[in-house]
Structure formats: C-alpha cells, structure tokens
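So the structure is just underneath, and the comments pick up after that.
All residue numbers refer to positions in the sequence shown, counting from 1. We count ligands from 1, going down the list as the structure has it; atoms in each ligand are counted the same way.
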Amino acid sequence: MEKFTVDEARLKAVEDNFKSIKDRVMETAVKAGRNPDDVRLMAVTKTVESVYINKAIEVGADLIGENRVQEYLGKKDELNLDGVEKHLIGHLQTNKVKQIVGEVDMIESVDSIKLAKEISRVSVNKGVDTNILVEVNVGKEDSKSGVYMEQLEELLVQIAALDNVKIRGLMTIPPICDSEKEVAEYFSKMYQSFIDIRDKKLDNVRMDILSMGMSGDFEAAVANGSNIVRVGSAIFGARKYF
Ligand SMILES: *Cc1c(COP(=O)(O)O)cnc(C)c1O
C-alpha cells in the first residue's frame with residue numbers, strides 16, 4: 001500500500017470550507033424567507049480519505065453521502081459516525097443492494113421498479129425499513145440516471161405498494177447550465193412537482209425531502225426549495241480519481 005500522510009493544510013481547509021458553506025446555506029435560506037433549520041448540508045465524501053471526512057464531522061457535518069457501495073463499506077469503520085446520518089447517492093446496481101441495505105439511513109438514487117423491488121426484498125429479509133428518494137432526470141439527459149418527470153408518479157405509486165420501502169421524497173442532478181438562471185429553472189420545476197405530488201397525498205408516499213444542489217449551484221437550489229444540498233468538492237477540494 002502507498003504511504004499515506006495527513007495534509008494539515010487540507011485539514012484546515014476542510015474546516016474552513018465546511019463552516020463557510022454552512023453559513024452560505026443558512027444565509028441563502030433566510031434570504032429566501034425559509035427557516036434555515038429546514039435545509040441540511042450533506043458532505044459528499046466520495047474519493048475522500050477518512051481523516052478528512054472525520055474533520056468535517058468534527059466541525060459539524062451530521063450527514064454524509066457516498067456514491068459507491070464498495071467504497072463506503074471499505075471506509076466506514078474508520079469514520080466517527082456517532083450521530084451522523086449516511087446516505088447512498090450514487091447509481092445503485094441491483095446486485096449491490098444486499099450489501100448496502102441496513103448500512104445506510106437512506107438510498108437517494110432509486111430510479112426503477114426493479115431496483116425498488118430488490119431493496120424491498122432485501123429489507124424484508126433483514127427485517128429493516130429502508131428510506132428512499134426517487135431520482136429524477138429533470139433534464140432528460142442520456143448520460144444520467146433517474147426517471148423522467150412524466151413517469152414519476154406512476155413509479156411512486158408502484159414503489160409505494162412494496163413492503164419495507166419508505167418513500168421520503170425526490171433527488172435530482174440538473175444538467176450543467178451556462179447560467180444560474182437556467183439551473184434555477186430546473187430546480188424550480190423540481191420543487192413544483194415535489195409540491196404537486198405532496199399535495200396529492202398518495203398512499204405511503206411521504207414527500208418531505210427534496211435533495212438538490214451541489215458545489216456549483218447549492219445557493220440556487222436552496223432559493224428554490226431544496227432541503228438537502230449535497231456538497232463535495234467545495235468542502236474537500238477537487239477530487240482525485242485513482
Ligand atoms: C459527487 C456528487 C455530488 C457532489 O458534487 P460536488 O460538485 O463535488 O459538490 C453531489 N451529488 C451526487 C449524486 C454526486 O455524485
């Protein structure tokens with residue numbers, strides 16, 4: 001194994017970044033007339049070594065998001081996870097469901113009935129309930145996972161009938177946009193359908209979480225109704241892929 005040395009300057013940067021992003025989230029919420037306590041800041045920890053994740057937790061991160069099942073299971077024993085909520089936010093393959101159910105508090109990236117059925121089956125077997133968000137492909141991009149808006153309600157109704165799966169809301173990653181105004185339109189569209197579905201009060205469909213906004217656009221997301229922003233590089237620095 002390669003020798004790993006802790007970068008003290010990076011530790012300090014994680015602390016400073018986390019605090020300043022947290023402040024910006026709160027300020028944006030207040031400016032938008034929202035209760036700042038209604039917006040949670042998730043630290044997205046993919047590719048980040050445990051020591052830096054633990055620094056974020058030490059300075060207040062109480063929600064982390066990981067993309068890959070294997071990576072999360074490999075790191076979790078090194079993390080100080082007392083009081084920290086864990087979400088899986090990356091695309092999940094059906095054959096990995098067995099490993100992740102029961103290990104995280106929420107799976108944010110459910111986008112098919114096939115995946116939801118497997119989550120249900122494994123949750124029943126393990127005797128747990130699994131909270132999920134349905135991922136929406138709001139920009140209809142081929143490169144992205146997620147259900148199209150037009151199919152969303154039908155999928156929600158199908159998932160709602162499954163045992164041990166608890167629908168809690170929606171998640172999205174909008175297309176890369178040239179302007180803040182353009183991305184805000186996607187967020188606003190998501191918020192509108194979040195509210196529409198919530199108001200329909202479908203059986204077994206709770207709509208209390210709208211997860212949207214990342215390092216480059218979390219302020220636009222908060223201004224448009226997000227209640228979880230998922231921030232990685234703005235906290236931990238640019239990702240290095242090995
Ligand atoms: C990586 C990732 C993020 C965070 O992206 P940043 O631009 O680094 O903030 C958020 N959500 C998902 C689903 C991701 O994969």
For Glu108, which part has a heavy atom under 4.0 Å from ligand 1: side chain, backbone, both, or neither?
neither
Contact atoms of ligand 1, heavy-atom distance to Ile173 under 4.0 Å
13 (C)
Mark up the atoms of ligand 1 that fall under 4.0 Å of a heavy atom belonging to Gly232, in ascending order.
4 (C), 6 (P), 8 (O), 9 (O)
Hey, which atoms in ligand 1 end up nearer than 4.0 Å to a heavy atom of Asn67?
14 (C), 15 (O)
Just go through Met214, Arg230, Lys46 and tell me whose heavy atom is the nearest to atom 2 (C) of ligand 1.
Lys46
Quick check on contacts: which atoms of ligand 1 are under 4.0 angstrom from a heavy atom of Ser215?
6 (P), 7 (O), 8 (O), 9 (O)
Val231 heavy atoms within 4.0 Å reach ligand 1 at atoms 9 (O)
Is Glu85 paired with Arg40 through a side-chain N to carboxylate O contact shorter than 4.0 Å?
yes
Do the charged groups of Arg121 and Glu118 touch, with an N to O distance under 4.0 Å?
yes
Hey, can you pull the donor-acceptor pairs under 3.5 Å for the side chains in residues 70-80, sequence neighbours left out?
residue	atom	partner	partner atom	Å
Glu71	OE2	Thr47	N	2.6
Glu71	OE2	Lys75	NZ	2.8
Lys75	NZ	Thr45	O	2.9
Lys75	NZ	Val48	O	3.0
Lys75	NZ	Glu66	OE2	2.6
Lys76	NZ	Glu103	OE1	3.2
Glu78	OE1	Ser50	OG	2.6

Can you give me every donor-acceptor pair (side chain of residues 177-199, partner residue at least two apart or in another chain, under 3.5 Å) with its distance?
residue	atom	partner	partner atom	Å
Ser179	OG	Glu182	N	3.1
Glu182	OE1	Asp178	N	3.4
Ser193	OG	Met190	O	3.3

Checking Arg24 against Phe218: charged group under 6.0 Å from the ring centre and within 45 degrees of the axis?
no
Salt bridge or not between Glu8 and Lys55? Use side-chain N to carboxylate O under 4.0 Å.
no
Where does Ile89 meet ligand 1, judged by heavy-atom distances below 4.0 Å: at the side chain, the backbone, both, or neither?
both
